[in-house]
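We count ligands from 1, going down the list as the structure has it; atoms in each ligand are counted the same way.
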Amino acid sequence: MATAFAPKVFKNYINGEWVEARGGKTIENRNPANRNELVGMFPASGAQDVQEAVDAAKSAYKKWRLVPAPKRAEMLFRAAEILVERKEDYARDMTREMGKILSETRGDVQEAIDMTYLMAGEGRRQFGHVAPSELPSKFAMAVRAPIGVAGMITPWNFPMAIPSWKVMPALVCGNTIVLKPAEDTPLSTYNLTQALAEAGLPPGVLNVVFGDGPQAGAPMLDNPDVDLLSFTGSTEVGRIVSQACAPTFKKCHLEMGGKNIIIVMDDANLELAIEGAVWGGFGTTGQRCTAASRVGVHKKVYGEFVEKFVERVKKLKVGDGVDAATEMGPCINEQQLKTVMSYVEIGKSEGAKLAIGGHRLESGALAKGWFHEPTVFVDCNGKMRICQEEIFGPVVAVIPFGTFEEAIEIANGVSYGLSASIYTRDVNKAFRAQRDLETGIVYVNAPTIGAEVHLPFGGTKNTGNGHREAGLAALDFYSEWKTVYFDYSDKLQRAQIDSA
Ligand code: ADP
């Protein structure tokens, strides 16, 4: 186990070997709940390391694409079994490096397990289409073909689940991979890689290069040997990724920010809505792209909702996520904490009323980490910056509204479109909401978080660029349709002409 005195030194995984970064530099991985705890040292990779990983992936692709998909899937199945065995250890590692509470990190590992089993099952499906031809003695079909080398850049908030959303469908479709995980949470990706390596993936099929974005991520973007790129992170970096991929026509998948809302109608089960708003707003310390950072509440129940919501938030126990009593962990790093603190000032200056929280937590052991109070602003209006911009921290803005139409307008009045939720017992309003909310995901009587792996995940507007991950939709990104015609008539038959 890593200690402060003898930190474990981790390596990149290139062509089936664990290797140091060429530059010999490392990045510290520290516990955000206790900055004195060094979790490990990881390579600070650069362009040369990325190129070596890309070369390995390109070379391995020649064979991997020809391995029958059910055989590829057997390796995934074995990896899933390993993850099941090590779930508790991997969850504890994740809490140490990322800060979220143990029940949530167990969920993160479980999501990777679910995704790995799901895609293992796809090894025997990946169905295509067979269609009748318009010409006699001709056969027509469309099959899924692998694409090549897939580059992946992942964030720190779901350090095992998100890499698995990308890695598993890419592998089962027959692509090879270069993955650059977030610099704040490399250990969880290391653990995932270890499981896949032990499951028997051939050398070069999965390559992992640790390091920061500009040094170890950016070199993938314009590399002509990287055929597709999947990115999850901020909208600002997503824009850089999209632009850098354009000149080489890379297929590019972007999963970016969110400013998600829970709408509470006057006929809602208020207790349930409050429970949902607490979990949606403060689960993962609000550091989910699907976090419910806005709550719109009907004026008829506004007073009661605010009173009970604030009361419940006041009781949230903040601390180290390994403690079973903790309900909310720290922010991931100092920068994120500062961002949260600056948005608290912005909220106050905009005239939002601070109902609870608003400060960094620094008493006792909390001083060693990046903790912030769960914070609620009330009496907000939808146009305020705290209701428009993604904060990615434990800050919820409560917005009163008068009618269903107004609620939908507030919900849609942001530049993001990931997730939205409505609490109501009126089935007509629930159906109208799921039709009219401009988000990729809609929940009824549940908060904005809680995606399941076998359904598509992604958003509209500045959240995404039209692709989806997870579910069968993931196969559409990691494979290409190949249409195949067999003419067994022994003569020239011209489509559209001879069939007339
Ligand atoms: P977050 O706010 O969640 O940290 P970022 O968008 O900054 O989101 O980071 C998400 C991922 O993108 C991380 O793996 C990070 O290292 C990477 N990244 C950051 N900047 C760049 C860049 N210029 N090029 C490529 N990858 C980057």
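Here the closest non-hydrogen pair linking Ala397 and Cys380 is CB-SG, 3.8 Å.
Cation-pi geometry between Lys100 and Phe158 is met: the NZ or CZ atom falls under 6.0 Å from the ring centre, inside 45° of the normal.
Every atom of ligand 1 with a heavy atom of Gly217 under 4.0 Å away is listed here by number and element: 25 (C). The Ile153 neighbourhood of ligand 1 comprises atoms 11 (C), 12 (O), 14 (O), 17 (C), 25 (C), 26 (N), with distances under 4.0 Å to a heavy atom of that residue. Atom numbering of ligand 1 starts at 1 in the shown order; those under 4.0 Å from a heavy atom of Lys180 are 13 (C), 14 (O), 15 (C), 16 (O). The ligand atoms of ligand 1 that sit less than 4.0 angstrom from a heavy atom of Thr232 are 10 (C). Within ligand 1, the atoms closer than 4.0 Å to a non-hydrogen atom of Ala218 are 24 (N), 25 (C), numbered from 1 in the order shown.
Note that atom 9 (O) of ligand 1 has no protein non-hydrogen atoms nearby, at separations under 4.0 angstrom.
Residues satisfying the side-chain contact (heavy atoms from CB on, under 4.5 Å) test with Val322, not counting sequence neighbours, are Thr95, Asp320. With sequence neighbours excluded, the residues forming a salt bridge (charged side-chain N to carboxylate O under 4.0 Å, His left out) with Lys58 are Asp225, listed by chain and number.
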Subject >> Stepwise side-chain hydrogen bond (donor to acceptor under 3.5 Å, both in side chains) test for Glu81 and Tyr117 >> reply: CA-CA 9 Å; Glu81 301 279 277; Tyr117 278 131; 2.2 Å; yes
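In this pair, Phe42 and Tyr190 present their aromatic rings perpendicular. The plane angle is above 60°, beyond the 30 to 60° band.
Here the heavy atom of the protein found nearest to atom 27 (C) of ligand 1 is Gly213 CA, 3.3 Å. The protein atom (non-hydrogen) at minimum distance from atom 14 (O) of ligand 1 is Thr154 O, 2.8 Å. Among all protein heavy atoms, the one lying closest to atom 1 (P) of ligand 1 is Trp156 NE1, 3.7 Å.
Using a 4.0 Å cut-off between charged nitrogen and carboxylate oxygen, Lys8 and Glu97 do not count as a salt-bridge pair.
No option in Lys338, Gln335, Arg35, Gln336 other than Arg35 meets the side-chain contact (heavy atoms from CB on, under 4.5 Å) test with Trp370.
Distances from atom 5 (P) of ligand 1 to the heavy atoms of Ser234, Gly257, Pro186, Pro155 show the closest one on Ser234.
Residue contacts with ligand 1, taken as heavy atom pairs separated by less than 4.0 Å, involve Glu183 solely via side-chain atoms from C-beta onward.
At a 4.0 Å cut-off, at least one heavy atom of Phe231 sits close enough to ligand 1 to count as contact.
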